[in-house]
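Ligands are counted one by one from 1 in listed order, and the atoms in each one are counted from 1 as well. Numbers here are sequence positions counted from 1.
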Amino acid sequence: MPVTRGFGGGPRRGRPDRLPPGQYDTGRDWPVLTAEAQPVIAPEDWSITVDGLVERPATWSWREAHALPGSTYFGDIHCVTTWSMLDTTFSGVSVDTLLDHVGPRPDAAYVMAHCSTGYTTNLPLADLTGGKAWLVWEYDGRPLAAEHGGPVRLLVPHLYFWKSAKWVSRLELMARDRPGFWEQNGYHDRGDPWLEQRYQGDP
Ligand SMILES: Nc1nc2c(c(=O)[nH]1)N[C@H]1C(S)=C(S)[C@@H](COP(=O)(O)O)O[C@H]1N2
Ligand SMILES: [Mo]
């Protein structure tokens, strides 16, 4: 697989520089954290809309999203509840690909990710561009399980995992920041695990 690993090329698992402060390695035990009732969404009933401050709002069905150039993430994920899972592989499409189609307007600076369940989370637009964010439908080469957000979730692995909205259905580009579900309940607006941005008021 054409992936770039950390310098040295050897296995990094277990190396202390692998885990952000306050995190532990959960191994292959992937916890499920869902605030709402878990929906069951058939792929043919799923779609993603990108709208708000864009030139050409667009909606992709499951089939249309799969016809876009694919993209794979290989690396780590970090949950604010202190587990990290190392060397994960997720496949889908880069958010850059969707944004290229819709054309963000110059005043677009933030994004609200909406789920069909009502869950929301806000992100700076800059955290969704430059190959840092994906819509994913595969984990470890298999369809993403429903409890982990299948058929399709957002993946923003450089931020705490509450930003990776499960059952994502809409990305709304906005001029000003607005708090999503957990952000209204005390979690940080950005959530960088390396800066330990867990709660509102953290650096
Ligand atoms: N729709 C939705 N997305 C969500 C959540 C949620 O409750 N609902 N929880 C968030 C949180 S807090 C985390 S840590 C991860 C958990 O994803 P997982 O259940 O696949 O581990 O999903 C995030 N995305
Ligand atoms: Mo979380």
Does the pair Arg18/Asp87 count as a salt bridge with the N-to-O cut at 4.0 Å?
yes

All heavy atoms of His158 vs all of Pro193, minimum pair found to be O-CD, 3.1 Å

Does Tyr187 share a hydrophobic cluster with Leu159, counting links as ILVMFWY side-chain heavy atoms below 4.5 Å and allowing steps through other members?
no

Residues forming a salt bridge (charged side-chain N to carboxylate O under 4.0 Å, His left out) with Asp29, sequence neighbours excluded
none

Sequence neighbours left out, what passes side-chain hydrogen bond (donor to acceptor under 3.5 Å, both in side chains) with Trp83? Give chain and number order.
Thr81

Is there any protein N/O under 3.5 Å from an N/O of ligand 1, and what does the full list of such pairs look like?
{"residue": "ligand 1", "atom": "1 (N)", "partner": "Glu36", "partner atom": "OE2", "Å": "2.8"}
{"residue": "ligand 1", "atom": "1 (N)", "partner": "Lys166", "partner atom": "O", "Å": "3.1"}
{"residue": "ligand 1", "atom": "3 (N)", "partner": "Lys166", "partner atom": "N", "Å": "2.9"}
{"residue": "ligand 1", "atom": "7 (O)", "partner": "Ala35", "partner atom": "N", "Å": "2.7"}
{"residue": "ligand 1", "atom": "7 (O)", "partner": "Glu36", "partner atom": "OE1", "Å": "3.3"}
{"residue": "ligand 1", "atom": "8 (N)", "partner": "Glu36", "partner atom": "OE1", "Å": "2.9"}
{"residue": "ligand 1", "atom": "8 (N)", "partner": "Glu36", "partner atom": "OE2", "Å": "3.2"}
{"residue": "ligand 1", "atom": "9 (N)", "partner": "Leu33", "partner atom": "O", "Å": "3.2"}
{"residue": "ligand 1", "atom": "17 (O)", "partner": "Arg153", "partner atom": "NH2", "Å": "3.1"}
{"residue": "ligand 1", "atom": "19 (O)", "partner": "Leu33", "partner atom": "N", "Å": "2.9"}
{"residue": "ligand 1", "atom": "19 (O)", "partner": "Lys166", "partner atom": "NZ", "Å": "2.6"}
{"residue": "ligand 1", "atom": "20 (O)", "partner": "His148", "partner atom": "ND1", "Å": "2.6"}
{"residue": "ligand 1", "atom": "20 (O)", "partner": "Arg153", "partner atom": "NH1", "Å": "2.8"}
{"residue": "ligand 1", "atom": "21 (O)", "partner": "Trp30", "partner atom": "NE1", "Å": "2.9"}
{"residue": "ligand 1", "atom": "21 (O)", "partner": "Pro31", "partner atom": "O", "Å": "2.7"}
{"residue": "ligand 1", "atom": "22 (O)", "partner": "Arg153", "partner atom": "NH2", "Å": "3.1"}
{"residue": "ligand 1", "atom": "24 (N)", "partner": "Ser164", "partner atom": "O", "Å": "3.0"}

Going by side-chain contact (heavy atoms from CB on, under 4.5 Å), name the residues that satisfy it together with Asp51, two or more places apart in sequence or in a different chain.
Thr49, Pro57, Arg170, Glu172

